[in-house]
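Below is one structure, written out as structure tokens; comments come after it.
When reading the values below, keep in mind they use all heavy atoms of this one structure, side chains included, and skip hydrogens, waters and symmetry mates. We name chains A, B, ... by the order of the sequence lines, and we start the count at 1 in each one.
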Protein chains: 2
Amino acid sequence: MSSLQRPKGRATRAAILRKAADLASIEGLSGLTIGSLAAATGISKSGLFAHFGSKEDLQLAVIESAREVFEGRVVEAAGAKAPGLARLEGLVEAWTRYIESGVFRGGCFFAAVSAEFDDRPGRVRDRIAELTALWRGFLEEQAAQALARGQLAADSDPGQIAFELHAFLHEANRDFQLHGRVEAFERARGAIRCVFERVTSRSSQSTASGG
Amino acid sequence: MSSLQRPKGRATRAAILRKAADLASIEGLSGLTIGSLAAATGISKSGLFAHFGSKEDLQLAVIESAREVFEGRVVEAAGAKAPGLARLEGLVEAWTRYIESGVFRGGCFFAAVSAEFDDRPGRVRDRIAELTALWRGFLEEQAAQALARGQLAADSDPGQIAFELHAFLHEANRDFQLHGRVEAFERARGAIRCVFERVTSRSSQSTASGG
DNA sequence: CCTACCGATCGGTAGG
DNA sequence: CCTACCGATCGGTAGG
């Protein structure tokens, strides 16, 4: 086999990172050791160092790999919907399905690592905080769009809506991971529906017929 | 086991565990190494083994120590209120203050360790799952009491109420720990108020959706 | 991407 | 509760 080393190297790297993200969703980004990743991939420890340089750089690369998965499943899926209420609902439903479908073996990668790193200063924590803020910001942004388009009650608070929706998504993830409660996803969907009903209801209900 | 000991031994043990719980809320129960705890307490590694036998037994002892703190701050505080709606509101407010006041340096101990252990079978995970289920069960129990006493709308779902309240408490904890957002506690209180308004309103207007 | 190796630290033990 | 010690594994390096 005469080989094009560059594309192959990139594919190898991506495969390592996808496996690493799975391991990290279970054991954490600290519990993901170079040795365990070497065993899981069949690549020697020094081979992994050749790819990633250091443990911290590996952790940062794993985060980017998981980011691509999350954005592909959630952000892009909702991008097809019209900005505002429709996209907000699409975002939340895609996010629920992302958790529910068990993309990572240990549940939502970012739920796991944000709890792990929230007290440990450094580049890893900074990047995790940046991404999770960005994504909750998407919820807020679409709520603000919906408000601007008159799709929400005038006294709605986009930040508050994002807080509540985000809370339900994470509660479903925890409930499923820790207690194996599959009904958590329906609980989350019910709670989400309640929020949407509340913020879309006009203050005067006279015109509200089923629709 | 060395738990049947003289008062001084028990006091030493309790002091070690309180420090260990603080460390574990930051570094996790895995990141809490015997060596680091030895350095933090000034007791030798083998001295710690004399107290706790093994790392797993230490982890389990730390969990019980953190349980006492949580129950003292939250469960007992709410026990003064009348069963039903008052106690439910007391429980949620005490829980919010427990997180807000920074009892553990790394935020809510159980939020940290439940994310850490949700995928690792064993006694540690089992105990964490048992306790967190128990406490969310308290919320549900008081919601059921409130319903039985006619303090809630007749179509209220205690399990759903507990799900939503619990979600807000954990969202506030994460928001504060990861992003330093102190306003998260007011967001949580606002969201909680909304739930109480919804479930205590006599006319249950929420199920208006057509289909 | 490999073999061979490093000092530091891990959980844990012997014996007092 | 201590000193002294164990084998295994940690992140990382040398040199190819």
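Distance A/L37 CG to D/dG12 P: 13 Å, rounded to the nearest Å. Remark: C1' of C/dC1 and CD1 of A/I34 are 15 Å apart, rounded to the nearest angstrom. In this structure, B/K55 atom NZ and C/dG11 atom P are separated by 4 Å, rounded to whole Å. Atom pair B/L58:CG and C/dC10:P shows a separation of 13 Å (rounding to whole Å applied). Across the protein-nucleic acid pair, A/L32 atom CG and D/dC10 atom P stand 11 Å apart, rounded to whole Å. Per the geometry, CD belonging to A/Q59 stands 11 Å off C1' belonging to D/dG11, to the nearest Å. Nucleotide C/dC10 holds its C1' atom 16 Å from the CG atom of B/L29, rounded to whole Å.
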As a quick check of understanding, evaluate salt bridge (Lys or Arg N to Asp or Glu O under 4.0 Å) for B/R97 and B/E93, giving each step before the final call.
CA-CA 6 Å; B/R97 279 200 306 269; B/E93 176 54 25; 3.2 Å; yes
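Taking the side chain of B/F49 as heavy atoms from C-beta on, and the options C/dG12, C/dC1, D/dC10, the nearest nucleotide is C/dG12. For A/I43, whose side chain is taken as the heavy atoms from C-beta onward, the closest listed nucleotide among C/dC1, D/dG12, C/dG11 is C/dC1. In this structure, of C/dA4, D/dG12, C/dC1, it is C/dA4 that holds the atom nearest to the side chain of A/S46.
Distance CD/B/E164 to SG/A/C194: 5.5 Å, rounded to 0.5 Å.
Using the six-membered ring where Trp is involved, B/F70 and B/W135 have ring planes that are tilted, between 30° and 60° apart.
Panel note: side chain B/E116, backbone B/G28; no donor-acceptor pair is recorded below 3.5 Å. Side-chain atoms of A/R125 come within 3.5 Å of backbone atoms of B/L178 as a donor-acceptor pair (strictly under, hydrogens ignored).
In the interface, the side chain of A/K45 is paired with the base of D/dG11 through a donor and an acceptor atom under 3.5 Å apart.
Nucleic acid contact for A/G31: none, since no nucleic acid atom lies under 4.0 Å from a heavy atom of the residue. Among the heavy atoms of the strands, none lies under 4.0 Å from A/L48.
The side chain of B/S44 contributes no N or O atom lying less than 4.0 Å from OP1 or OP2 of D/dC1.
Pairing partner, D/dG15: C/dC2, with both Watson-Crick or wobble hydrogen-bond distances short of 3.5 Å.
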